[in-house]
Amino acid sequence: MSDTTHDGGLALSPPPSADEGLSASRLADKYGLTVSGARPGLFAYIRQLWGRRHFILAFSRAKLTAQYSQAKLGQLWQVATPLLNALVYFLIFGLILGTRKGMSQEVFIPFLVTGVFVFTFTQNSVMAGVRSISGNLGLVRALHFPRASLPISFSLQQLQQLLFSMIVLIAVAVGFGSYPTLSWLLVVPALGLQFLFNSGLALIMARLGSKTPDLAQLMPFIMRTWMYASGVMFSIPVMLADKPQWIADVLQYNPAAIYMDLVRFALIDGYGSENLPAHVWAVGLAWSLVVGVLGFVYFWKAEERYGRG
Amino acid sequence: MADESSQGHIPTVIADEVHIVYRVNGTRGGKGSATAALSRMVRRGKGEQRGVRKVHAVRGVSFTAYRGQAIGLIGTNGSGKSTLLRAIAGLLPTESGKVYTDGQPSLLGVNAALMSDLTGERNVVLGGLAMGMSREEIRERYQDIVDFSGINEKGDFITLPMRTYSSGMAARLRFSIAAAKNHDVLMIDEALATGDRKFRVRSEERIRELRKEAGTVFLVSHNNTTIRETCDRVLWLEKGELLMDGGTDEVLKAYERETGK
């Protein structure tokens, strides 16, 4: 009892009524309590997010695995799905419609497949981003973690999905006569920039989608328009040769077209720098930094409001 | 009084006039048809958001919880108990009013982070990470979690996907994962009602352990015996309002008088 009397004497010396007159906020101040669920500062938020990096990675990998766990072929679908996707586009655009104007077959097929895979990466990140908060309300309302973990985790899942697609892509490139060279290493920074861009976009869409879940219905149409406007299955400068120059410029400098061109340039032998717009790396970097940073700040601004029904 | 014992009156949670409002889309007027939604869009609402119904779940609740208290929350279904807990945990934003807390209160609930398509093994890791445990902590406690859940008592189930578990087994694993972490302010929402008798005894024991480590415990339960055994103070919520706040016996008696008939 000797220590409790000492302790108790301290705690009891101001009688309980001493706190009686204090307002809730004064009382909270006195004992160092903080507002529950308040938004942390931007740098504290980044630190928290970094602290959760293992969760972000584990969550994205879990989602990726769970996707095909009921299928008999299991994880084989990770490769089979992009392969089938590429086959369909080859059949329609390569054989039937023949949109390969200005390109040889050896260049066009890898050109098309690269475009499809790289665009799908952005498309799926955006689609998953829209639903990342509104589709995971249970999680948001049960556990504490920086909410940005979710959209970033979904983008990371798509990046891993893309790495599986790269197996198919490399096979296609080699099959059509583009052999590995040092320039293939440029794929890494190109996809890195695209991942940053996608994450920023997913963060923006996550905040919008948490307020307006209807966006999930609308996005497929917007994404399809974007896909057709980005030259996934045709060369923008060749197709728009007889149109005013500014249209081709706008389409070529849009981020999806930039990242597709960067990867194509890195992988395909016959696709040289004459097909790329000027300052393509600088533009790619600018897009990823601007959208990445803006998206992060925009998402963080509403951190304390996610989870409201 | 219980809190006179050693730690005196150190507040850990202060709720100040807390109001919580849920917004539910697409239920205005009870008409869910496309034409009803369209007409709502055409005649844009004045002031109120169109097509959104508000549910005022918690109305002006104030209380102060002190270190060393175990507080029971009672009330009929839909009275706002779980909602209030989520607001204390900072998971649900308040409409007005504030909740002040000491450190980060945590809700004993990890269910939402688990994926039924993954093996029990991977879910233990995922759930632990979701609760903010480090990878080392999880590695250390992994065996304890599995042993506690008793999943492997009937064969090697931990390496099977969770969707193959019986509902009792899944509930046991979820509780075991959730209870693996220590908390400052701990909130338990009906977690005791899972699993068979043997597991319930074990989990009640674990809850008592967690209480010893935690500063303050909140417990939502419809089982008055559980409340009587574990709590020394009870808040009675009804229709989102705090009806009564006091010693366990006093409040439970009044509650039983009101609902017992």
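Just so we're on the same page: letters track the sequence lines, and every chain starts at 1. The shown structure was predicted, so the numbers you read here are calculated from the model rather than taken from an experiment.
- Contact annotation for B:I88: only backbone heavy atoms (N, CA, C, O) come within less than 4.5 Å of a heavy atom of chain A.
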Solution key, residues 117-129 of chain A side-chain donor-acceptor pairs under 3.5 Å, sequence neighbours excluded:
{"residue": "A:T120", "atom": "OG1", "partner": "A:V116", "partner atom": "O", "Å": "2.4"}
{"residue": "A:T122", "atom": "OG1", "partner": "A:Q194", "partner atom": "NE2", "Å": "2.8"}
{"residue": "A:T122", "atom": "OG1", "partner": "A:N198", "partner atom": "OD1", "Å": "2.9"}
{"residue": "A:N124", "atom": "ND2", "partner": "A:Q158", "partner atom": "OE1", "Å": "3.4"}
{"residue": "A:S125", "atom": "OG", "partner": "A:F121", "partner atom": "O", "Å": "2.7"}

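- Note: B:L92 CG to A:L137 CG = 10.0 Å, rounded to the nearest 0.5 Å.
- Side-chain contact check for B:M131 versus A:H144: every heavy-atom pair is 4.5 Å or farther apart.
- A donor-acceptor distance shorter than 3.5 angstrom exists from the side chain of B:R86 to the backbone of A:R141, with no hydrogens or angles considered.
- By a heavy-atom distance cut of under 4.5 Å, A:H54, A:F55, A:A58, A:F59, A:R61, A:A62, A:K63, A:T65, A:A66 are the residues of residues 54-67 of chain A near chain B, going up by number.
- Taking A:R39 as the reference, A:E304 meet the salt bridge (Lys or Arg N to Asp or Glu O under 4.0 Å) condition, with sequence neighbours excluded.
- Ranked by heavy-atom pairs shorter than 4.5 Å toward chain A, the options B:D16, B:D102, B:I14 are led by B:I14.
- Here the side chains of A:V35 and B:V99 are not in contact, with every heavy-atom distance at 4.5 Å or above.
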Could you pull out all donor-acceptor pairs under 3.5 Å where a side-chain atom in residues 199-209 of chain A meets a protein atom, sequence neighbours excluded?
{"residue": "A:S199", "atom": "OG", "partner": "A:F195", "partner atom": "O", "Å": "2.9"}
{"residue": "A:R207", "atom": "NH1", "partner": "A:Y298", "partner atom": "O", "Å": "2.7"}

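- Residue A:R53 does not touch chain B at all, counting heavy-atom pairs closer than 4.5 Å.
- Listed options B:G132, B:S116, B:A15, B:S62 were ranked by heavy-atom pairs under 4.5 angstrom with chain A; first place goes to B:G132.
- The number of heavy atoms from other shown groups lying within 6.0 Å of CZ (B:R233) is above 12.
- At most 12 non-hydrogen atoms from other residues, nucleotides or ligands lie less than 6.0 angstrom from CZ of B:R135.
- Contact record, B:L91 with A:V140: CD2-O, 3.6 Å, taken as the closest heavy-atom pair.
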